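This one's a predicted model, so the numbers in the text were calculated from it and none came from an experiment. We use all heavy atoms of the structure for the numbers below, so side chains are in, but hydrogens, waters and symmetry mates are not.
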Amino acid sequence: MKGQPIDRFSSELAADTRTAVIASASSTTEKRSHILNSDYPDPNRLRKLAAQIKQHTLDHLDTYLEQAVSKMRENGVKVHFASDGDAARETVLSILKEKGARKIVKSKSMASEEIHLNEFLEKNGLECLESDLGEFIVQLDGDVPSHIVRPIIHKNRREIANTFEREGLGEYNDDPEVITRRARAFFRSRYMESDAGITGGNFISAESGRVALVTNEGNARFSMAPNRLHIALIGIEKVIPRDRDFSVFLNLLARSATAQQLTVYTQFISGPRVDSQPSGPDEMHVVLMDNGRSDTLGSNCSEILRCIRCGACQNVCPVYRQASGHAYRATYGGPVGAVLSPLLAGDAFPQYSDLPRASSLCGACREVCPVDIPIPDLLVKLRAKGKVEGIPTPGSPSMGGFARGATSPGLWRAGLRAANVMNSLPASWIPAPALRSWLDQRTLPTWKGGEFRRWMKERRKA
Amino acid sequence: MESRQHTQVLFMATCLCDAFFADVAKAAVEVLEHAGCEVLFPEDQTCCGQPAFNSGDFANGRKVARHTAKVFGGDLPIVVPSGSCGAMMTHGNSIQFEGETDCDMMATLGGRTWEICDFLSNQLNINWEGSLQETRVTMHHSCHSRGSQTGASALALLGGIQGLEVQEVGQADQCCGFGGTFSVAFPNISAGMGELKLSEVEKQQPDYLVSADMSCLMHLSGLAEKSGGALPVRHVVQILRDSIVS
Ligand code: SF4
C-alpha cells in the first residue's frame, strides 16, 4: 500500500468522524485558552512553574520515589514495583487472586490501557468493568480509546445508542441524558456486587504519600467505596515533591484538559480505610509501573515524562484533527503519543518511528502544554534516532544530494539557473515520485532561479 | 520614519526566494535600504539546512549549517525574510549541534540572525510610514514564528501604512500544513490542513494573503490554484515596499 500509515488512515477516515473530531477538539482548545487567560494574569508563568517542578522531580526521581514509597508504606499502603507490562499485569492478577476477587470495577486509567489490563484479566477468568462512561462504551464495542481524555471522541451518539440497544441496556434512544441515566443505573448495581476496584492515579506526593485522583463522573469513588480492595496502577513518573504542588497541577490539569477550574471529583487517597471511616477499602495496593519510563528518562527525550495526560496537545494538533487518534496505533494519540509511543516501545521503536515524522513541527502542542514539553524538539530528535538507526523513511526525500548541493556554492548557482527547465516540464515527467504526489494536490510557482542574484549584481554595479 | 542610522547587514535570501520568489528578495533589500541599511549579499549562500534537520538527518544538516556559518562569517547582523529560516538558525541549530565542538559558534551565529520584521521593529526601531491604494489583506502567522516577535512586528509595520486594512486569519493557532518534507511524505494530511486554512481565508475575501514566510504561502496558493481558485499572496516586505512613498 502506498503512503505513510497515518496519512493513509487520514484519507480513509469517514468525513463526519473528522468533522466531529475537529469540532470537539477545536472547541475544547478555545475554551482552554479562555479559562486560563481569564483566571490567570499570565498562565504561561504557571506552565513554566509546573514544568520546573516536574523536571526537578524527574531529575531526582530516585530520591522522590523512595520518599513516596516509604510514606505510602507508613500510611499502610502495600507498594509493588513492576518493571514492565508483564510484571504489572501479573502483580495485579496475583493480588486479585490472593483476595479471591472475581468481579472488578475499574475507573479510567491510561496506564492500564498501556498494558491492556482488561483483556488480560478477562483472559484469566475475571470480570473487569470499565466504569468511565466513555471507556465503558469502548469496552462494549471491543474498540480502543482514540483520545487521552475523551476516549469516544470518534463516536457519535447514534452509534452509542445502537451499542446500548445491542447490549440490552434499553431500546434505541440517542438522547445523551438517557444514555447517561441508563449507564448510571447499570453501574450502581455493579459497584455493589464488585470485589475490587482498580484505578489509576494522577499524582503522588512524596511528602505525604497521598495519591491524587481526578474524575468527572465520580466513578473512581464508586470503584473504591463499596470494596474491600483497591489497586492503583500508577506510572513511576507521577511523583511530585510536596502536597502543595498538587495545587499547581490540579489547577492546570482540569483547565488544560476540559476547561474546568477543577474536575468534578478530586480525591486525595492516603491509604486504606482507618477505623474512624465507615466505608472504604481495607486494603490498598499501589503498583508503580516502569514499562519503558526509566529508559525514557535516560534518553535525550526525558522531558516527555513531565506529561500529565491532559490531552491539550492532542486537541490543538492539526495532524490529529485530520487523522483522529486511532491513526497513532497505540495507547497515546496526538503529539504526546508521537513522542511517547516510540520511546515506550523499546526494541519495537521501528514500528512507531513513522509517528514522529507525522508532524509539520508547527509547535502548537508546545504552546498549550501545561508542563511546557518541547514536543517539536523531541519529534525531531526521534527522527534523528530513526535516521541513525537506519530505519527506512519511505516517501521522504533523502538529504544526501541536498547537502552536497547546499555546500557547493558553484553547483548550487548552476542548479538555480538550470532548473528553469522545470517551468516547461509537465508535472507527470518529474522523476521524483514524492514530488509528483505533492503536485497532485498543488501547483508549483514559476521557477525564477538566479533572477534575484542577477538583479542584485546589476544593482551593485549601478 | 525615524532611525536612519547606517547599518550594514548580511542578507540571507533563503533558498525558496532564490529559486521561486525573486521579487520577495528584491523587496526585502529595498525595504532594508529604505530603512537606512547597506545590504550585503554573500554570493556563496545556499540554504540554512532546515530540510535535512527536519528530516532528522543531523549529519547532513550540520554540513549545510557549517557552510552557512562560513558564508555568513563576521559579526554583522544577518537578516532573513523568513521566520522559518530564522528559527532554524537560532533554535534548530542549537538542537543538532548539541555536544558538537562548534556548538557555541553556532549559537553566536544564531544570536546575530534576525527575521526581517523583527529586525526592522526591534533592532532598528522603525516606525514604518507608507501609503497604498485601498487594500485589504489577511495576515497568516507562520508557525515557526510562534513565540517570537515576528508576528507583532509585522502587524506593527503594516499598521503604519495608510489605506491598508489588516485582518488576521481565523483559527490562527492552526498550521497551514506545509512543514517542508512533511507535505511530501504526508500529502493527504497536509492538504487537509491547507484546505481548512483556505476556508478561513475565504471568509475574509482579502486582496492578498500576507505572511512573513513564503513557504506557507507557496503551499496555500498552490493548493488553491489546483482546485481552480486563485489566491493572491504577498510577503510582508512586498507590501512594505509597495507602500514606500518616494
Ligand atoms: S504532552 Fe503536555 S499537552 Fe500533551 S497530554 Fe501531556 S501534559 Fe498535556
J.: Tell me, yes or no, whether the heavy-atom count around B:Q204 atom CD, taken from other residues, nucleotides or ligands under 6.0 Å, exceeds 12.
T.: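 Enclosed: over 12 neighbouring heavy atoms sit under 6.0 Å from CD of B:Q204.
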
J.: Is any side-chain N of the basic residue among A:R383 and B:D57 closer than 4.0 Å to the acidic one's carboxylate O?
T.: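 No.
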
J.: Among the options A:G405, A:G410, A:S359, pick out the one with the most heavy-atom pairs lying under 4.5 Å from chain B.
T.: A:S359

J.: I'd like to check B:K26 versus A:M456 (side-chain heavy atoms, cut-off strictly below 4.5 Å). Are they in contact?
T.: no

J.: Quick check on B:I95 against chain A: is it the side chain, the backbone, both or neither that has a heavy atom closer than 4.5 Å?
T.: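 Side chain only.
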
J.: Give the intermediate values and the outcome of side chain to side chain contact (heavy atoms under 4.5 Å, CB included) for residues A:V388 and B:F58.
T.: CA-CA 9 Å; A:V388 169; B:F58 289 1; over 6 Å; no

J.: Say you draw a straight line from CD of B:Q174 to CD1 of A:I22; how long is it, rounded to the nearest 0.5 Å?
T.: 8.5 Å

J.: Count the heavy-atom pairs under 4.5 Å between each of A:R357, A:R404, A:K387 and chain B, then report the option with the highest count.
T.: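 Option with the top pair count is A:K387.
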
J.: Is B:F20 close to A:K448 at the side-chain level, that is, under 4.5 Å between some pair of heavy atoms?
T.: no

J.: Roughly how far, to the nearest 0.5 Å, is SG of A:C362 from CZ of B:F178?
T.: 14.0 Å

J.: Are any of the side-chain heavy atoms of B:K63 and A:M399 separated by less than 4.5 Å?
T.: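 Answer no - side chains too far apart.
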
J.: I'd like to know if the side chain of A:R453 and the backbone of B:E43 have a donor-acceptor N/O pair within less than 3.5 Å.
T.: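 Checking the backbone N and O of B:E43 against the side chain of A:R453, a donor-acceptor pair under 3.5 Å is found.
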
J.: Between A:S33 and chain B, which part of the residue has a heavy atom less than 4.5 Å away: side chain, backbone, both or neither?
T.: neither

J.: Is A:R18 in contact with chain B via its backbone, its side chain, both, or neither, using a 4.5 Å heavy-atom distance?
T.: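 Neither; nothing under 4.5 Å.
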
J.: Where does A:A323 contact chain B at under 4.5 Å (heavy atoms): side chain, backbone, both or neither?
T.: side chain

J.: Rounded at 0.5 Å granularity, tell me how far OG1 in B:T46 sits from CZ in A:R413.
T.: 10.0 Å

J.: If you count heavy-atom pairs within less than 4.5 Å of chain B, which of A:R366, A:E30, A:R321 leads?
T.: A:R321

J.: Select one option (side chain, backbone, both, neither) describing which atoms of B:Q96 are under 4.5 Å from chain A's heavy atoms.
T.: neither

J.: Checking B:V39 against chain A: side chain, backbone, both or neither under 4.5 Å from a heavy atom?
T.: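 Both parts, heavy atoms under 4.5 Å.
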
J.: Using modelled atom types and a 3.5 Å cut-off, is there a donor and acceptor pairing between side-chain atoms of B:N188 and backbone atoms of A:S11?
T.: no

J.: Is the closest side-chain heavy-atom distance between A:W455 and B:V29 below 4.5 Å?
T.: yes

J.: Who wins among B:C175, B:A25, B:S142 for the most heavy-atom pairs under 4.5 Å with chain A?
T.: B:A25

J.: Within this structure, what is the CD-SG distance for the pair A:E367 and B:C143, rounded to the nearest 0.5 Å?
T.: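 If I round to the nearest 0.5 Å, the distance is 8.5 Å.
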
J.: Kindly indicate whether the side chain of B:E195, heavy atoms from C-beta on, has any atom under 4.5 Å from the side chain of A:Q322.
T.: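 B:E195 vs A:Q322: side chains apart.
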
J.: Give, for atom OG of B:S84 and atom CG of A:L361, the distance between the pair rounded to the nearest 0.5 Å.
T.: 9.5 Å

J.: What part of B:L196 gets closer than 4.5 Å to chain A, counting heavy atoms only: side chain, backbone, both or neither?
T.: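 Interface part for B:L196: side chain.
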
J.: Non-hydrogen atoms of chain A under 4.5 Å away: do they reach the side chain of B:F53, the backbone, both or neither?
T.: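 B:F53 touches chain A through backbone and side-chain heavy atoms alike.
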
J.: Would you compute the distance between atom CZ of A:F452 and atom OG1 of B:T14 and round it to the nearest 0.5 angstrom?
T.: 9.5 Å

J.: Which pair of heavy atoms, one from B:D173 and one from A:T29, lies closest together, and at what distance?
T.: OD2-CG2, 3.6 Å

J.: Below 4.5 Å, heavy atoms only, C-beta onward: do B:F186 and A:S10 meet side chain to side chain?
T.: no

J.: Who among B:C17, B:A185, B:A19 has the most heavy-atom pairs with chain A under 4.5 Å?
T.: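 Result: the option with the highest number of such pairs is B:A19.
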
J.: A:T393 versus chain B, heavy atoms under 4.5 Å apart: side chain, backbone, both or neither?
T.: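 Neither part, no heavy atoms under 4.5 Å.
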
J.: May I ask you to name which of A:C317, A:A384, A:G363, A:S26 has the most heavy-atom pairs under 4.5 Å with chain B?
T.: A:A384

J.: Kindly indicate whether the side chain of B:D18, heavy atoms from C-beta on, has any atom under 4.5 Å from the side chain of A:W412.
T.: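 Yes. Closest side-chain heavy atoms under 4.5 Å.
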
J.: Please rank B:G61, B:G179, B:A52 by heavy-atom pairs under 4.5 Å with chain A and give me the top one.
T.: B:A52

J.: Counting only heavy atoms closer than 4.5 Å, note whether B:S55 contacts chain A via side chain, backbone, both or neither.
T.: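 Backbone plus side chain of B:S55, per the 4.5 Å heavy-atom cut-off to chain A.
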
J.: Given that the side chain runs from C-beta out, which part of A:N300 has a heavy atom under 4.5 Å from chain B: side chain, backbone, both or neither?
T.: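 It is neither, since no heavy atom gets under 4.5 Å.
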
